[in-house]
Asker: 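Mind having a look at this structure? Questions to follow.
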Number of protein chains: 2
Amino acid sequence: MTEPSAANFVNRIFFGYQNTAVLKAALELDVFSAIGSGTLDVAALAKKTDASPRGIAALCDSLVVMGFLAKSSAGFALTPDAAIFLDRNSPACIAGIHEFLAAPEFVAMVFEDPAGAVRRGGAPGLANISPDNPIWIRFARSMGPFMQLDAKLVADHASDPPPRRVLDISASHGLFGLAFGQRFPDCRVTGLDWGAVLAVARENADAAGMGDRYDTIVGSAFEADWGKGYDLVLLPNFLHHFDRAGCMKILHRARAALAPKGKVAIVEWVPNEDRVSPPAPALFAMTMLLSTPSGTTYTGPELSAMLVEAKFQRPDIIPLLPTPLTLVLARAA
Amino acid sequence: MTEPSAANFVNRIFFGYQNTAVLKAALELDVFSAIGSGTLDVAALAKKTDASPRGIAALCDSLVVMGFLAKSSAGFALTPDAAIFLDRNSPACIAGIHEFLAAPEFVAMVFEDPAGAVRRGGAPGLANISPDNPIWIRFARSMGPFMQLDAKLVADHASDPPPRRVLDISASHGLFGLAFGQRFPDCRVTGLDWGAVLAVARENADAAGMGDRYDTIVGSAFEADWGKGYDLVLLPNFLHHFDRAGCMKILHRARAALAPKGKVAIVEWVPNEDRVSPPAPALFAMTMLLSTPSGTTYTGPELSAMLVEAKFQRPDIIPLLPTPLTLVLARAA
């Protein structure tokens, strides 16, 4: 279609946020699990979700437009992506991420004054949310499943040789560290984060049967004593909250905490050098502009230069496909 | 790409509303007009919009991902759609629609309790917004440019024979009626709406040089006296607020107000019979679920059946391409 059209604009400005609300409603009513592996018509689905047929019909039609359901004369069925990622009976289900990504606090923050954030080059955003704010617990609980695959992929790439001592900075749910602990029975993992959040990491460590090999350090990654002699320091989804100077402080601390030949594993939203691809990492720079005073995304060459400056070798840069994240893995120089 | 991916889900649940905020910021800073027909780099654009280079860089990169800007080594340029629809120097600019479609009241309404609206089959929504609420004035002022092309297209299709008396129900900005008045010097137009909003229609009538041929009726379309003998009754973007019974009341009133051989012209979001295409009219049913007690969209056959029941001939159904709206035009039987 080459004819000029305002459709993209109308879709983005209006249906953009409406579709977030549509998904939120679908997840709260657990429509995807209710449909499951079968096909349900409006009446049956309304009954199963305790909702009105009129509401279910409008909701499911929108979900078809959005690509999460398929519609036939028999009713609605899950698309393959929805079956894998949105049905709570699926082991890969990440449905809960809406509890963080579309949390009322976040919606309010993003709409508060986006033009002001662009004018000023940042926003108080998350900096105004205290370390022990419940939203970080919600992050730890709801984003865990989303990070599970990345955690496995990082362990795939950073296990030669198997690390015996792993430090997980800003551990949150703790999954990135636990992936090593579960793989290697001799591996001891230390999670650093705020106290309230570390309770979630500890729960997950206990559930993984490695509670006796999981240590914690409570506090700020900029101030707490990290300890020494780690084979691997994990920095998952952490550096994007800070400007280059902040990142350098963290990388110097990582370097100092490593044993000889130790490695740092950065997990990040890494855009290409054009900074407009791939889509998700490219858009994530705006997320940081709207939610932090000076956070942003960094390209591969930018991260590489920072690592070399902090006395690491040039890193391997490994996209963690099919997820949007990238592993940047560097050995101490 | 056939590999299962959560990308669509993450994009919709999170970047969906973030991208609305991105466009809102861009329109408030008037980035599109600032770039205009040229190409500007970050420094020049930051200076011109009085914003931080850091903020402009993140904003414009997002706008590239979204398809509104193109990026080159020289800087950012408008895509053809943005040049036509978002640059305030373009006669077809509709940039202002964000003031209504992404108004804080609407964002709050959509996120208030979408699951509850699905459960109950509707929401108090706009019914809670009083007739003289300023949001309807904002609608009249900001949505006018968006409706300008539809108004012209309706006049193209409903001018044989030229109507001499036109009644515009829920006139708002008045543009649908004025399109006939401007085309035919003998045509007299009556706009019906709430008083505060009709002031905008009157302004537009005066600006079109037909203030002396523009009459108004203040009040509810369900209760006010419409008068008689009209050649054309316009129902633009009105029926979707009501259930079938409400629509029938309005169509009976339209039939009674027409001269012999008079016509009714309904302008609506009309989905195909599958109700999941085209995308925008399909999604609009959910808009009505989230914002009205019993409003929805109607298919062509549904509107046709209602018209025949109200003693109209079977209508012509004319998509108003490239806009998302459809004209349903029927003559009194």
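For the numbers below, each heavy atom of this structure counts, side chains included, while hydrogens, waters and symmetry mates do not. Letters A, B, ... mirror the listed sequences (proteins, then strands); counts begin at 1.
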Asker: Just do the side chain to side chain contact (heavy atoms under 4.5 Å, CB included) check on A:Leu69 and A:Ile35 with the steps written out, would you?
Answerer: CA-CA 10 Å; A:Leu69 295 180; A:Ile35 297 175; 3.6 Å; yes

Asker: Using non-hydrogen atoms and a 4.5 Å limit, figure out which bit of A:Leu63 sits close to chain B: side chain, backbone, both or neither.
Answerer: neither

Asker: Are side-chain N/O atoms of A:Asp30 and A:Ser33 paired as donor and acceptor at under 3.5 Å?
Answerer: yes

Asker: Where on B:Leu321 is there a heavy atom nearer than 4.5 Å to chain A: the side chain, the backbone, both, or neither?
Answerer: neither

Asker: Is chain B contacted by the side chain of A:Ala92, its backbone, both, or neither, given a heavy-atom distance below 4.5 Å?
Answerer: neither

Asker: For chain A, which candidate among B:Leu86, B:Asp50, B:Val10, B:Val31 shows the most heavy-atom pairs at distances under 4.5 Å?
Answerer: B:Leu86

Asker: After noting the C-alpha distance and the side-chain angles of A:Phe85 and B:Phe9, does the key distance pass the ring pair (Phe, Tyr, Trp, His ring centres under 6.0 Å) rule?
Answerer: CA-CA 8 Å; A:Phe85 297 110; B:Phe9 176 56; 8.4 Å; no

Asker: Okay, side chain of A:Asp81, backbone of B:Ser5: is any donor-acceptor separation there less than 3.5 Å?
Answerer: yes

Asker: If you count heavy-atom pairs under 4.5 Å with chain B, which of A:Val110, A:Thr287, A:Ile84, A:Asn11 comes out on top?
Answerer: A:Thr287

Asker: Would you compute the distance between atom CG of A:Leu59 and atom CE of B:Met286 and round it to the nearest 0.5 angstrom?
Answerer: 4.5 Å

Asker: Of all of B:Glu28, B:Met66, B:Lys71, which one pairs up most often with chain A through heavy atoms under 4.5 Å apart?
Answerer: B:Met66

Asker: Check whether A:Arg120 gets within reach of chain B through its side chain, its backbone, both or neither, counting any heavy atom under 4.5 Å.
Answerer: backbone

Asker: Between B:Ala117, B:Ala102, B:Gly121, which shows the greatest number of heavy-atom pairs under 4.5 Å with chain A?
Answerer: B:Gly121

Asker: Name the member of A:Pro278, A:Ala280, A:Gly67, A:Pro279 that forms the most heavy-atom pairs with chain B at distances under 4.5 Å.
Answerer: A:Ala280

Asker: Please look at A:Phe68 and chain B and tell me whether the side chain, the backbone, both or neither of the residue comes under 4.5 angstrom of a heavy atom of that chain.
Answerer: side chain

Asker: Find the one option among A:Gly55, A:Ala108, A:Pro80 whose heavy-atom pairs under 4.5 Å with chain B are most numerous.
Answerer: A:Gly55

Asker: I'd like to know which of A:Thr49, A:Leu29, A:Val64 tops the heavy-atom pair count under 4.5 Å against chain B.
Answerer: A:Leu29

Asker: Would you mind checking if B:Arg138 and B:Glu105 are paired as a salt bridge, meaning a charged N to carboxylate O distance below 4.0 Å?
Answerer: yes

Asker: Heavy atoms only, distances under 4.5 angstrom: which of A:Ala285, A:Ser294, A:Ala57 has the most pairs with chain B? Name it, please.
Answerer: A:Ser294

Asker: Looking at B:Leu23, B:Ile97, B:Thr79, B:Leu149, which makes the most heavy-atom pairs under 4.5 Å with chain A?
Answerer: B:Leu23

Asker: Under 4.5 Å from any heavy atom of chain A, what part of B:Phe100 do you find: side chain, backbone, both or neither?
Answerer: neither

Asker: Are B:Asp150 and B:Thr323 linked by a side-chain donor-acceptor pair shorter than 3.5 Å?
Answerer: yes

Asker: Among A:Val107, A:Thr297, A:Asp274, which has the most heavy-atom pairs under 4.5 Å with chain B?
Answerer: A:Val107

Asker: Spell out, as yes or no, whether a donor-acceptor pair under 3.5 Å connects the side chain of B:Tyr298 to the backbone of B:Trp269.
Answerer: no

Asker: Is there side-chain contact between A:Met147 and A:Pro236, with heavy atoms separated by less than 4.5 Å?
Answerer: no

Asker: Between A:Ser277 and A:Asn272, do the side chains contain an N or O donor and an N or O acceptor separated by less than 3.5 Å?
Answerer: yes

